[in-house]
Protein chains: 2
Amino acid sequence: MHPRRYHHGDLRAALLERAEQVLREKGPAALSLRELARDLEVSHAAPSRHFKDKQALLDALALAGFERLDTALTTGAAPGSSFADRLGALVRGYVGFATANPQLLDLMYAVKHDPQATEALTAAAQRGLLRAAELVTEGQRTGEVRPGPAERLCLPALAAVHGFAGLAAGGLLPPEEAAAGLDDVVAFVLRGCAPDRTTGT
Amino acid sequence: MHPRRYHHGDLRAALLERAEQVLREKGPAALSLRELARDLEVSHAAPSRHFKDKQALLDALALAGFERLDTALTTGAAPGSSFADRLGALVRGYVGFATANPQLLDLMYAVKHDPQATEALTAAAQRGLLRAAELVTEGQRTGEVRPGPAERLCLPALAAVHGFAGLAAGGLLPPEEAAAGLDDVVAFVLRGCAPDRTTGT
DNA sequence: ACCTGAACACCGTTCAAGT
DNA sequence: ACCTGAACACCGTTCAAGT
């Protein structure tokens, strides 16, 4: 009746894959360890061999999400391109990931009730800040970005991108505003990063 | 044994109040209708008279959160103050609310699986955008903000504030960065809104 | 109108036991 | 090492019945 039993392969990976699918299609409230086990034709206690509890599975899902987000942020920029082009690629990468994986993004940035225990997760979250800092530092080197401590710029810049992505993914923007908004955010961030005109030329 | 039975007062309001307390102290996963009923010394079926299901209670919680956020956004600005001062007040109001109610903020902006059914909620969410638009329009009137369609500016500006508040509330920023970041965000948004220097004076 | 009590189908987690 | 099966304490939701 069933095509095959599953318990030979990589159950951990299969659980994560199926969990992400359920998260995407039915939301986090519909995620149940027992249902995952049923889907994979495994006893309901089997998942506990790979994830000590439900939160551990959610954390693993979020961590995998951060890794995919990082690759989305670091691809798409031509090697020798301008700061504006690199920023545009980063914004498109972030927003593209967010709209393609809205529930996962929610999970990734969910407030942790447990303060520590998730340090790998907060470290992964801060990698986005690191990517923004790299971009800003490079732009400062070429003179396309105002001088000063990089954190003073990359934090507000990333906040704008992160905030826009969150609003767009949450469906809080009218569709046409969401589309046009992306370019507006890029332009806004460019102005925020631009050198002072008075000292220039 | 029990101090008193509860079933006389406003059970709906009592449920919301207790639910928010549990959300704040123990996170959303610990929120259970049955436990709320137990806390309020009421049968476990009583809440269904006031909220058709658990999601309805969460939605009501989120809606109340948006109302409190709106008052936080609209207070704190002196009547005749500058655009910079008004913007600073709005940012402090937003970030103050976010850090004081991190779990509630998460709930308010959680991705809705149900696409409609929550239109009151998305309308409430868009009121923040409306407040930003008012601020921008007023700034354009006084010449402190660059001209053009207000949405082109208020969406990126609010995205920056919203994104920063989310990062700060989620504990993803080192504490000293979170404190200094607020002023950086204000300065960044001011630059993004400022009129072009070339046409000025 | 508002609440109770029982019932149903479902959870997460644990643990002895199997292979 | 990895999984099963039973058990425990807990859910959300529904519904007849009470006042």
Side-chain angles (χ1 to χ4, degrees), chain A residues 1-62 103 107 110 112-114 117-118, chain B residues 1-62 103 107 110 112-114 117-118:
Chain A
M1 198 165 187
H2 304 304
R4 218 187 307 148
R5 306 274 292 180
Y6 215 104
H7 35 67
H8 56 287
D10 189 347
L11 179 56
R12 192 192 137 94
L15 284 166
L16 284 173
E17 183 184 11
R18 179 68 184 147
E20 191 187 334
Q21 189 182 352
V22 173
L23 179 69
R24 172 181 276 98
E25 293 171 0
K26 304 200 282 181
L31 242 183
S32 128
L33 289 179
R34 286 179 102 113
E35 188 174 2
L36 291 180
R38 249 180 268 124
D39 291 347
L40 300 177
E41 315 231 33
V42 137
S43 96
H44 65 259
S48 74
R49 287 288 126 188
H50 302 277
F51 302 101
K52 87 176 221 291
D53 56 19
K54 191 179 181 178
Q55 189 58 50
L57 183 142
L58 295 177
D59 288 349
L61 221 44
Q103 305 271 17
L107 181 65
K112 301 299 156 197
H113 177 243
D114 187 343
T118 53
Chain B
M1 197 167 187
H2 305 305
R4 218 188 307 146
R5 306 276 290 180
Y6 214 104
H7 34 66
H8 56 289
D10 188 347
L11 179 57
R12 192 192 136 94
L15 283 165
L16 284 173
E17 184 184 10
R18 179 69 184 147
E20 192 186 335
Q21 188 183 353
V22 173
L23 179 68
R24 183 190 316 286
E25 294 172 359
K26 304 200 283 182
L31 243 181
S32 127
L33 289 179
R34 288 179 101 113
E35 187 174 3
L36 290 179
R38 250 180 267 126
D39 291 347
L40 299 177
E41 316 232 33
V42 136
S43 96
H44 65 258
S48 74
R49 286 290 128 188
H50 302 277
F51 301 101
K52 87 174 221 292
D53 56 19
K54 191 179 182 180
Q55 190 58 50
L57 183 143
L58 295 178
D59 288 348
L61 221 43
Q103 306 270 17
L107 181 65
K112 301 299 158 198
H113 177 244
D114 188 341
T118 53

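Proteins come first, then strands; the chains are lettered A, B, ... in the order of their sequence lines, and each starts at number 1. Nothing here was measured: the structure is a model prediction, and the numbers come from that model.
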Undergrad: Could you pull out the closest heavy-atom pair between B:Leu16 and B:Ala60, with the gap in Å?
TA: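 For B:Leu16 versus B:Ala60, the nearest heavy atoms are CD2-CB, 3.9 Å.
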Undergrad: Residues in side-chain hydrogen bond (donor to acceptor under 3.5 Å, both in side chains) with A:Arg18, at least two apart?
TA: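 A:Arg18 satisfies side-chain hydrogen bond (donor to acceptor under 3.5 Å, both in side chains) with A:Gln21, A:Asp39 once adjacent residues are dropped.
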Undergrad: Measure from CG on B:Leu57 to P on D:dT13 and round the result to the nearest Å.
TA: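 Rounded to the whole Å, the gap is 10 Å.
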Undergrad: Can you name the residues that form a side chain to side chain contact (heavy atoms under 4.5 Å, CB included) with B:Ser32, not counting sequence neighbours?
TA: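 With neighbours one apart ignored, the set is B:Arg34, B:Glu35.
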Undergrad: Please find the pair of heavy atoms, one from A:Ala19 and one from A:Leu61, that lie closest to each other, and give the distance.
TA: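 Shortest heavy-atom separation between A:Ala19 and A:Leu61 comes out as CB-CD2, 4.0 Å.
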Undergrad: Roughly how many Å is it from NZ in B:Lys52 to P in D:dT13, rounded to a whole number?
TA: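 After rounding, the reported distance stands at 8 Å.
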Undergrad: Minimum heavy-atom separation for A:Val42 to A:Pro47, with atom names?
TA: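 Between these two residues, the closest heavy atoms are CG1-CD, 4.4 Å.
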Undergrad: For A:Leu33 and D:dC11, what is the distance between atoms CG and P respectively, to the nearest whole Å?
TA: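 In whole Å, D:dC11 P lies 17 Å from A:Leu33 CG.
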Undergrad: List every contact pair, protein side and nucleotides 16-18 of chain C side both N or O, where the distance is under 3.5 Å.
TA:
none

Undergrad: Atom CG of A:Leu36 to atom C1' of C:dT13: distance rounded to whole Å?
TA: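 In whole Å, C:dT13 C1' and A:Leu36 CG are 15 Å from each other.
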Undergrad: Taking CG from B:Leu15 and P from C:dC2, how many angstroms apart are they, rounded to a whole number?
TA: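 So the two atoms are 13 Å apart, to the nearest Å.
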Undergrad: About how many Å separate CD of A:Glu17 and CZ of A:Arg12, when rounded to the nearest 0.5 Å?
TA: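 With rounding to 0.5 Å, CZ (A:Arg12) is 13.5 Å from CD (A:Glu17).
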Undergrad: What pattern of brackets, bars and dots sums up DNA chain C from 5' to 3', given Watson-Crick or G-U wobble pairs under 3.5 Å, [ ] for crossing pairs and | for another strand?
TA: ||.|||||...|||||.||
Undergrad: What are the atom names and distances for every N/O pair under 3.5 Å that joins the protein to nucleotides 6-10 of chain C?
TA:
unit_1: C:dA6; atom_1: N6; unit_2: B:His44; atom_2: NE2; d: 2.9

Undergrad: Checking contacts here: which listed nucleotide (C:dC11, D:dT13, C:dT13) is nearest the side-chain heavy atoms of B:Asp53?
TA: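 Of C:dC11, D:dT13, C:dT13, D:dT13 is nearest to the side chain of B:Asp53.
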Undergrad: Can you measure A:Glu41 atom CD to D:dG5 atom P for me and round it to whole angstrom units?
TA: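 My rounded result for the distance is 13 Å.
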Undergrad: Can you measure from CD (B:Glu20) to CG (B:Leu15) and round to the nearest 0.5 angstrom?
TA: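 It comes to 13.0 Å.
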Undergrad: To the nearest Å, give me how far apart CZ (A:Phe51) and P (D:dC3) are.
TA: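 Rounded to whole Å, this separation is 12 Å.
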Undergrad: Look up atom CG in B:Leu36 and atom NE2 in B:His44, then write down how far apart they are to the nearest 0.5 Å.
TA: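 The NE2 atom of B:His44 is 13.5 Å from CG of B:Leu36, to the nearest 0.5 Å.
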Undergrad: Please tabulate, for the side chains in residues 51-58 of chain B, all donor-acceptor contacts under 3.5 angstrom to protein atoms that are two or more places apart in sequence or on a different chain.
TA:
unit_1: B:Asp53; atom_1: OD1; unit_2: B:Gln55; atom_2: N; d: 3.3
unit_1: B:Asp53; atom_1: OD1; unit_2: B:Ala56; atom_2: N; d: 3.0
unit_1: B:Lys54; atom_1: NZ; unit_2: B:Leu31; atom_2: O; d: 2.8
unit_1: B:Gln55; atom_1: NE2; unit_2: B:Asp59; atom_2: OD1; d: 3.0

Undergrad: Provide, to the nearest angstrom, the distance between the NE2 atom belonging to B:His50 and the P atom belonging to C:dC3.
TA: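 That distance rounds to 4 Å.
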Undergrad: Please give me the minimum heavy-atom distance between A:Gly27 and A:Gln103, naming the atom from each residue.
TA: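 So the minimum-distance heavy-atom pair works out to CA-NE2, 3.7 Å.
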Undergrad: If we only count heavy atoms from C-beta on, is the B:His50 to B:Leu11 side-chain gap below 4.5 Å?
TA: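 The answer is yes, as the side chains (C-beta and beyond) meet within the 4.5 Å cut-off.
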